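To start, the structure under review is shown below, and the notes come after it.
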Protein chains: 2
Amino acid sequence: MPKMPANKAPTNGGDTDEKIRARNIREILKAATEIFSRKGFDGARIAEIAEASGLPKANVYYYFSSKEEIYRAVIEHLIEGWDDAFAHISVDREPQDAIRSYVAAKLSYTRRNVIESRLFANEIIRGAQFLSRKDRQHMRTVTDEKVKVIEDWIAAGKLRPVDPRHLFIMLWSATQFYADFEPLACDALHTTKLKGVDYSHAAETISETVLRGLLPAGQI
Amino acid sequence: MPKMPANKAPTNGGDTDEKIRARNIREILKAATEIFSRKGFDGARIAEIAEASGLPKANVYYYFSSKEEIYRAVIEHLIEGWDDAFAHISVDREPQDAIRSYVAAKLSYTRRNVIESRLFANEIIRGAQFLSRKDRQHMRTVTDEKVKVIEDWIAAGKLRPVDPRHLFIMLWSATQFYADFEPLACDALHTTKLKGVDYSHAAETISETVLRGLLPAGQI
DNA sequence: TCAAAAGCTGACCAAAGTGTCAACTTATTA
DNA sequence: TAATAAGTTGACACTTTGGTCAGCTTTTGA
C-alpha cells in the first residue's frame with residue numbers, strides 16, 4: 001500500500017516518476033483551496049473537491065487519507081506570503097517609504113490572492129485550530145522583529161510615539177479587509193466589484209492617513 | 001398546524017401565552033448564535049443547537065421549519081448594533097470628539113459582542129448570502145449619510161482631505177479585528193486573552209493615529 | 001369541567017457524505 | 001518482456017444529519 005512516500009523519485013533522476021503524483025496533488029490542493037475558502041471546512045465536500053480537480057473521489061483518497069489531511073496541507077501554504085510584505089519594514093529605510101511599500105505590497109498580495117486570504121481569515125476566525133504551533137511561532141517572531149524596527153524609528157525621532165503592535169494590527173486589518181469582506185467593501189464604495197482603482201485609493205488613504213499621523217510635524 | 005403565528009397573545013392581555021414561545025425562541029436563537037459563530041452554517045448541527053438550548057431537536061423544529069430559518073433569524077439581529085456607534089459621527093460635533101467616541105463605542109460593542117461580531121464576519125466572508133437586501137440597503141444608507149458628515153467637515157476646514165469611505169473601512173476593520181481575529185491579535189500582543197487594557201490601547205492608538213493624520217496641523 | 005389550541009417528543013426516514021476495497025489499467029525497471 | 005509498483009475507479013459500507021410525524025401532555029378560555 002504505497003501511500004504518500006516522502007522520498008522523491010526512486011531510482012532515475014527524471015521527474016517522470018513524480019510527475020503524475022505531483023500534478024494530481026497540486027490539482028487537488030488547488031481545488032481544495034478554492035472550495036474550502038468558499039464553504040469552510042465543514043461545508044466543503046470531498047466529492048466536490050474531486051470533481052473540481054478532475055479526479056474521481058476514490059483517487060483523491062489515494063493521495064490523502066482524510067479531509068482533515070487535505071485541509072492541513074492547504075493551510076500550510078497560507079503562511080508563505082506572510083513575510084514578504086513585512087520585508088519592506090526595515091531599519092535602514094525611511095519610515096515613509098517603508099510603510100508606503102508595506103501597505104502597497106500587502107494590498108497587492110491580498111488582491112492577487114483573494115481566495116487564500118479569505119481562507120486564512122476563515123481559519124483564524126474558527127480559532128486557528130489547524131495552524132501549526134510552528135507557523136504561529138513564526139508569525140510571532142517576524143512581528144516581534146518588525147516591532148523592534150518601529151521602536152528604533154521612534155527612538156531615532158523618525159516617528160512619533162505609537163504602540164507598534166496596535167499599529168501593525170491597524171495596517172494588517174485595513175489591508176486584509178478588502179479581500180475578506182469584499183461584499184461589504186463593495187457596498188461601502190458603491191461598486192459591484194473591487195477594481196484596481198479601489199485598491200489604489202485604499203493604499204493611498206491608508207498610508208497617507210497613517211503617515212501624516214506618525215511623521216514628525218511638517219514632514220509630509 | 002399552528003406554527004409561528006405572527007399575532008401576539010390571543011385574548012388575554014397577559015404574557016403567559018407568549019411566555020413559553022418567547023422564552024424557547026430566545027433560548028434557541030441564543031444557542032444558535034453561539035454555535036453558528038463557532039462552526040459556521042454548515043458546521044452547525046441542529047442537534048447541538050437543540051441540546052445547547054435545553055430542548056429536544058423535534059421541539060426546535062416546532063418553532064423553526066428549517067436550519068436556514070434559524071440562521072436567518074440569527075443574522076437579522078446582527079445589524080442592530082450597526083447604527084449605534086455610527087451615531088457618534090454627526091456634523092454638530094467636533095471631529096475630534098466624534099471620531100474618538102466612534103472608535104471607543106465600536107470597540108466596546110465589539111468586545112461585548114464577540115460572538116455576534118464573529119458570526120457577522122463569517123457571514124460576510126461567505127458572501128453575505130443571507131443578509132437581506134433591506135439590511136444591506138440600510139447599511140449603505142447609513143454609511144452614505146456619515147460620508148456626507150465627513151465631507152462637510154472637510155469642506156469646513158475641520159479635517160484634511162481624505163476619502164471618507166476608505167477612512168470608514170480603516171476604522172471599521174481595525175475595530176472589528178480584535179474580536180474576529182482574536183487568536184492573531186493575542187499572538188501579536190503577546191497575551192493569551194484580550195483584556196480591557198488591550199482594548200483601551202487599541203482605541204487610543206487607532207483614534208490618535210488617525211486624528212493626528214486628519215486634523216489640521218497643530219490641532220492635537 | 002371540558003374541548004380546543006398550543007406545546008412536546010421518541011422514533012423514524014431519506015439524503016448526503018466520509019471513507020474503504022477489490023479489481024482493474026498503466027507505468028517502470030531489470 | 002515479465003514481474004512489480006504506481007495509479008485508477010465503480011461500487012459499497014457505514015455514519016451523520018436535516019427534517020417529519022403521530023400521538024402524547026399541558027395550557028387556555030368559556
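The analysis underlying the following values was restricted to heavy atoms, covering all of them including side chains, and did not include hydrogens, waters or symmetry mates. Everything quoted here is computed from the prediction, not taken from an experiment. Each chain gets a letter, A, B and so on, in the order the sequences are listed, and its residues count up from 1.
- The CD1 atom of A/Ile28 sits 11 Å away from the P atom of D/dG7 (whole-angstrom rounding).
- When the P atom of C/dC8 is taken as reference, atom CG of B/Leu55 falls 7 Å away, rounded to whole Å.
- Formation of a donor-acceptor pair under 3.5 Å by the A/Ser53 side chain with backbone atoms of A/Ile49 is found in this model.
- Using a 4.5 Å heavy-atom cutoff, the side chains of B/Trp82 and B/Asp135 are not in contact.
- Taken from OH in B/Tyr63 to CG in B/Leu55, the straight-line distance is 7.5 Å, to the nearest 0.5 Å.
- Terminal axes of the helix from C/dT1-D/dA30 to C/dA30-D/dT1 (five pairs each, C1' rotation axis) are separated by 10°, to the nearest 10°.
- Taking the six-membered ring where the residue is Trp, the centroids of B/Tyr178 and A/His166 are separated by under 6.0 Å.
- Here D/dT27 presents its C1' atom at 13 Å from CZ of B/Arg23, a figure rounded to the nearest Å.
- In this structure, B/Phe64 atom CZ and D/dG18 atom P are separated by 15 Å, rounded to whole Å.
- Note on B/Glu34 versus B/Arg38: salt bridge recorded, some NZ/NE/NH1/NH2 to OD/OE distance being below 4.0 Å.
- Classification of B/Lys148 and B/Glu151 as a salt-bridged pair fails, no side-chain N sitting under 4.0 Å from a carboxylate O.
- Distances from the side chain of A/Ala58 to the nucleotides C/dC21, D/dT27, C/dT9 place C/dC21 closest.
- Put simply, B/Asn59 has no side-chain N or O that comes within less than 4.0 Å of OP1 or OP2 on C/dG10.
- Among C/dT9, D/dG7, C/dC21, the nucleotide with an atom closest to any side-chain atom of A/Arg21 is D/dG7.
- Straight-line distance from the CD1 atom of B/Ile20 to the C1' atom of D/dT25: 11 Å, rounded to whole Å.
- The side chain of A/Tyr62 approaches D/dG7 more closely than any other nucleotide in the set C/dT9, C/dC8, D/dG7.
- Separating the CD atom of B/Glu27 from the C1' atom of C/dG7 is a distance of 16 Å, rounded to the nearest angstrom.
- Of the side-chain N and O atoms in A/Asn24, one or more sit less than 4.0 angstrom from OP1 or OP2 of D/dT8.
- Using modelled atom types, one side-chain atom of B/Arg112 and one backbone atom of B/Ser108 make a donor-acceptor pair closer than 3.5 Å.
- Between B/Lys67 and B/Ala44, the closest heavy-atom pair is NZ-O, 2.9 Å.
- A donor-acceptor contact shorter than 3.5 Å is absent between the side chain of B/Glu182 and the backbone of B/Lys193.
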- For nucleotides 13-19 of chain C, 5' to 3', base contacts (B), sugar-phosphate-only contacts (S) and non-contacts (-) with protein non-hydrogen atoms under 4.0 Å give ----SBB
